[in-house]
There are 2 protein chains.
Amino acid sequence: MATIYEVSKLAGVSLATVSRVMNKTANVSQKTKLKVEKAMLDLGYKPNSVAISLASKRSDCVGILVTQLDGMFFGSMMNGIESELTKQRKHLVITAGHNVEHDERAGIDFLKSRNCDALIIHAEVLSDEYLIELSQGDTPIYILNRHIPEIAERCIHLDNQYGSYLATKHVIKAGHTEVLHISGPRYRKDAQERIIGFKQAMYEAGLPVNESHIFEGDYGHSGGAAAIDYFMQQRLSFTSIVCANDHLAVGAMARLRDFDKIPGEQIAIMGFDDMPFADCTYPKLTTIRYPIREMGKLAADYVLKDVYKVQQKIPPSSFEPTLVIRDSVLNLSK
Amino acid sequence: MATIYEVSKLAGVSLATVSRVMNKTANVSQKTKLKVEKAMLDLGYKPNSVAISLASKRSDCVGILVTQLDGMFFGSMMNGIESELTKQRKHLVITAGHNVEHDERAGIDFLKSRNCDALIIHAEVLSDEYLIELSQGDTPIYILNRHIPEIAERCIHLDNQYGSYLATKHVIKAGHTEVLHISGPRYRKDAQERIIGFKQAMYEAGLPVNESHIFEGDYGHSGGAAAIDYFMQQRLSFTSIVCANDHLAVGAMARLRDFDKIPGEQIAIMGFDDMPFADCTYPKLTTIRYPIREMGKLAADYVLKDVYKVQQKIPPSSFEPTLVIRDSVLNLSK
DNA sequence: TTGTAGGCGTTATCAT
DNA sequence: ATGATAACGCCTACAA
């Protein structure tokens, strides 16, 4: 790999001049500029971004912390971020936290040690205190899918509780009184919030909520299936299930059929997130739209504006969960 | 951020010694070692990996090029890679190529300029020649989902054509004679191969293949829906569709229902990839298993073994597409 | 407009 | 066992 030094030698100029034509940081005469550019081409010169980063203390990289690299949710989130950043030739470095405090911490440490210019964080288990402290460091951070009052201006989130409330209310409005909940892992904030929203709507309607009516799944298909197994084994009587995400809903629908219960007809199923496949299931999934891709984009736009000073048209953003009615929640009164 | 120099000052040793205790690269007396460790703790010292990378010419990072960050396929692939690498405290830097030559090139350039120790590449549009040349550079590369004879030892792939052949044959065996194909974008190698496999099985069975029986989709749900719209508009008579991936299949199944054609009963649907949701659709999707996660893991294992000299038990790997029979292809003869 | 030289935070090679 | 002191490849005042 050719270095800037070799380019300067070949072009017969100092290496400072080479640096200048690369960065357009000062005026360079047309003649020398051409000489330098030719030399770069001849040598196939590619700047070493590690050296640039060390010398300039910026990296043109923004670090992302997600829980895992697979799954539609994080896929959409990363895609949203990437699509915005790429436009401005910024790169992303991604680490996975795996729902484990150590990994989340290590991930953030790594991103910071790589001189990331900013961090976009989806942390599951890190404490609010830690994040607050982190926000006071020299690397700007933006927090996705979480609300921390002390640093609200850094948080892009959506009211999970209200979303779940909406979902449950829709089911109740459709005439259901025996409604169960399949939640996500309880140590996850969003899962907790969705449980609360569920309970809130139930209480409001004067419907009983028993802890045994809530199954703790894993946010994956298998969690939905396990929930059905559990509910059936408990011989619970129910006509509807509010699921904490679409994956759980899909898993539940499939397992329900194994028990000859037809989702959408005998059992109403409510999803959450409105993942891309939600309108391709059968029955099509009624769910709560969670615009994670747009939220990712917004986070990226903030970074672009705050850190890279690229003028961004940032829309007046307030993300609200909204009900998307499709076919999986039948109206009992009809 | 504290530097190694400050640590050395606080500990009263030279910075070389500090480097030694960090890297256990030479013997250090117990006493000074403790002094240094205390100093590091007191200062909350975190090594700057950019500086390490510049000085040592390694980064403990492996670069990944994928087409996009969302979608189950790439999710599984990244997850497989990450799960192996994380075990050995190696990180990954991910770039997206977007099916565009410029982006793929730029992605690779970026990864190399970041001093990545190795590259795992899923390139769509880069030429074989380019990749062959790249493989001769100083950064080891591993190529996923593609076969280039000249550098076969760097390629981890699977026989797409044979997989598609298997799929089509299964449908034919089930008694179908009017079978259509929904393909992926034709500029993609795997899509081309799957088309060939489809045609091969059809020819072998003496069944007619008309180019109008093949619809070029986008590998997403919408492509599947668009295909059905097209087929219906053409007033084609058909009882089965071989889809180039599961997303297309799911999209097609949903759209089929809009036309009151019941997938799995009136129309046989064959998928490809066996994505995690394939056993949660209704009807459950008969498909070809494409073990992309395992292939990602293998690529990571190669890197670990070849580049990082970490002993890996690498199984005698040859990935074969296999038929996964579920419920979406009905047997006409029964 | 162009060149010189110090610095970014480590590693690594010599000495001692 | 420990300490100087060059690299590493680039940026950036400061000079010229």
Side-chain angles (χ1 to χ4, degrees), chain A residues 1-37 39-40 43-61 91 109-117 138-139, chain B residues 1-37 39-40 43-61 91 109-117 138-139:
Chain A
M1 270 291 141
T3 73
I4 197 177
Y5 176 71
E6 303 176 43
V7 174
S8 76
K9 221 169 44 182
L10 203 166
V13 298
S14 81
L15 95 195
T17 304
V18 178
S19 175
R20 285 183 189 111
V21 346
M22 291 178 52
N23 303 308
K24 321 176 192 306
T25 178
N27 289 329
V28 180
S29 77
Q30 198 61 29
K31 245 199 314 195
T32 54
K33 185 176 167 188
L34 288 175
K35 272 197 304 188
V36 170
E37 278 167 347
M40 298 204 301
L43 285 131
Y45 171 72
K46 301 268 166 59
N48 180 322
S49 55
V50 174
I52 294 177
S53 181
L54 183 60
S56 68
K57 296 188 149 304
R58 65 176 167 72
S59 60
D60 286 337
C61 282
H91 300 92
D109 284 346
F110 170 73
L111 295 173
K112 289 183 69 174
S113 85
R114 285 257 113 193
N115 275 11
C116 285
D117 301 323
D138 26 38
T139 309
Chain B
M1 267 291 143
T3 72
I4 197 176
Y5 176 72
E6 302 176 43
V7 173
S8 77
K9 219 169 47 180
L10 204 166
V13 299
S14 80
L15 93 193
T17 303
V18 177
S19 175
R20 286 184 188 109
V21 347
M22 290 180 51
N23 303 307
K24 320 177 192 307
T25 177
N27 288 330
V28 180
S29 78
Q30 200 60 31
K31 247 199 310 195
T32 54
K33 184 175 168 188
L34 288 176
K35 272 197 303 189
V36 170
E37 278 166 349
M40 298 204 302
L43 286 142
Y45 171 71
K46 301 267 167 58
N48 180 321
S49 55
V50 174
I52 294 177
S53 182
L54 182 61
S56 68
K57 300 189 147 300
R58 64 175 169 73
S59 60
D60 287 336
C61 282
H91 301 92
D109 283 346
F110 170 73
L111 294 173
K112 289 183 70 176
S113 84
R114 284 258 114 192
N115 275 11
C116 285
D117 301 323
D138 25 39
T139 308

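This structure is a prediction, so every number in the text was calculated from the model and none was measured. Residue numbering restarts at 1 for every chain, and letters A, B, ... go by the order of the sequence lines.
The nucleotide whose nearest atom lies closest to any side-chain atom of A:Leu15 is, among C:dT1, D:dC11, C:dG3, D:dC11. Closest approach to the A:Ile4 side chain among D:dC10, C:dG9, D:dG3 is made by D:dC10 (side chain taken as heavy atoms from C-beta onward). Side chain of B:Asn48, nearest nucleotide from D:dG3, D:dC10, C:dT10: C:dT10. Taking every side-chain heavy atom of B:Leu54 into account, C:dG9 is the closest of C:dG7, D:dT2, C:dG9. Closest to the A:Ser14 side chain, of the nucleotides C:dG7, C:dG3, C:dT10, is C:dG3. Nearest to the side chain of A:Ser19, among C:dG3, D:dA1, D:dT12, sits D:dT12. Comparing atom distances between the A:Arg20 side chain and each of D:dC10, C:dT2, C:dG9 picks out C:dT2 as nearest. When distances are taken from the side chain of B:Thr3 to each of C:dT10, D:dC11, D:dC10, the shortest belongs to C:dT10.
For C:dT2, the OP1/OP2 oxygens have a side-chain nitrogen or oxygen of A:Thr32 closer than 4.0 Å. In this model, the phosphate group of C:dT2 is approached by a side-chain N or O of A:Ser29 to a distance below 4.0 Å at OP1 or OP2. Applying the 4.0 Å criterion to OP1 and OP2 of D:dT2, one finds that B:Thr17 has every side-chain N and O outside that range. Checking the phosphate oxygens (OP1, OP2) of C:dA12, no side-chain nitrogen or oxygen of B:Lys57 falls inside 4.0 Å. Side-chain nitrogen and oxygen atoms of A:Tyr5 include none within less than 4.0 Å of the OP1 or OP2 phosphate oxygen of D:dC11.
The residue from A:Asn23, A:Ile52, A:Thr3, A:Ile4 that alone fulfils the side chain to side chain contact (heavy atoms under 4.5 Å, CB included) condition with A:Pro47 is A:Ile52.
The nearest whole Å value for the distance from the CZ atom in A:Arg58 to the P atom in C:dG7 is 21 Å. Rounding to whole angstrom units, CG of residue A:Asn115 and P of D:dG9 are separated by 18 Å. Atoms CZ (A:Arg114) and C1' (C:dG9) sit 13 Å apart, rounded to a whole Å. Rounded to whole Å, atom C1' of D:dA1 lies 15 Å from atom CG of B:Leu34. Rounded to whole Å, the distance from CG on A:Leu43 to C1' on D:dG9 is 15 Å. Rounded to a whole Å, the NZ atom of A:Lys33 is 12 Å from the P atom of C:dT2. Atom NZ of A:Lys24 and atom C1' of D:dC11 are 16 Å apart (whole Å). Atom CG in A:Asn27 sits about 12 Å away from atom C1' in C:dT2, given to the nearest Å.
Remark: side-chain polar atoms of B:Ser59 are paired, donor with acceptor, to backbone N or O of B:Asn115 under 3.5 angstrom.
B:Ile52 comes within 4.0 angstrom of the backbone, heavy atoms only, and of no base. Using a 4.0 Å heavy-atom distance criterion, A:Val13 is classed as a sugar-phosphate-only contact. In this structure, A:Ser53 reaches neither bases nor backbone, as no heavy-atom distance under 4.0 Å exists between it and the strands shown.
Nearest-nucleotide positions on DNA chain C for B:Ala51 and B:Thr25 put B:Ala51 closer to the 5' end. Of the two residues near DNA chain C, B:Lys46 and A:Ala16, the one whose nearest nucleotide lies more 5' is A:Ala16.
In this view, B:Asp60 and B:Arg58, B:Lys90 satisfy the salt bridge (charged side-chain N to carboxylate O under 4.0 Å, His left out) rule, not counting sequence neighbours.
By the 4.5 Å heavy-atom criterion applied to side chains, B:Leu111 and B:Arg114 are not counted as neighbours. Residues B:Met1 and B:Asn48 form no side-chain contact, since every pair of their non-hydrogen atoms from C-beta on lies 4.5 Å or further apart.
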Practice problem: Please report the C-alpha distance between B:Ser49 and B:His91 in whole Å, then the side-chain angles of each, then the deciding distance to 0.1 Å, and finally whether the side-chain contact (heavy atoms from CB on, under 4.5 Å) criterion is met. | Solution: CA-CA 11 Å; B:Ser49 55; B:His91 301 92; over 6 Å; no
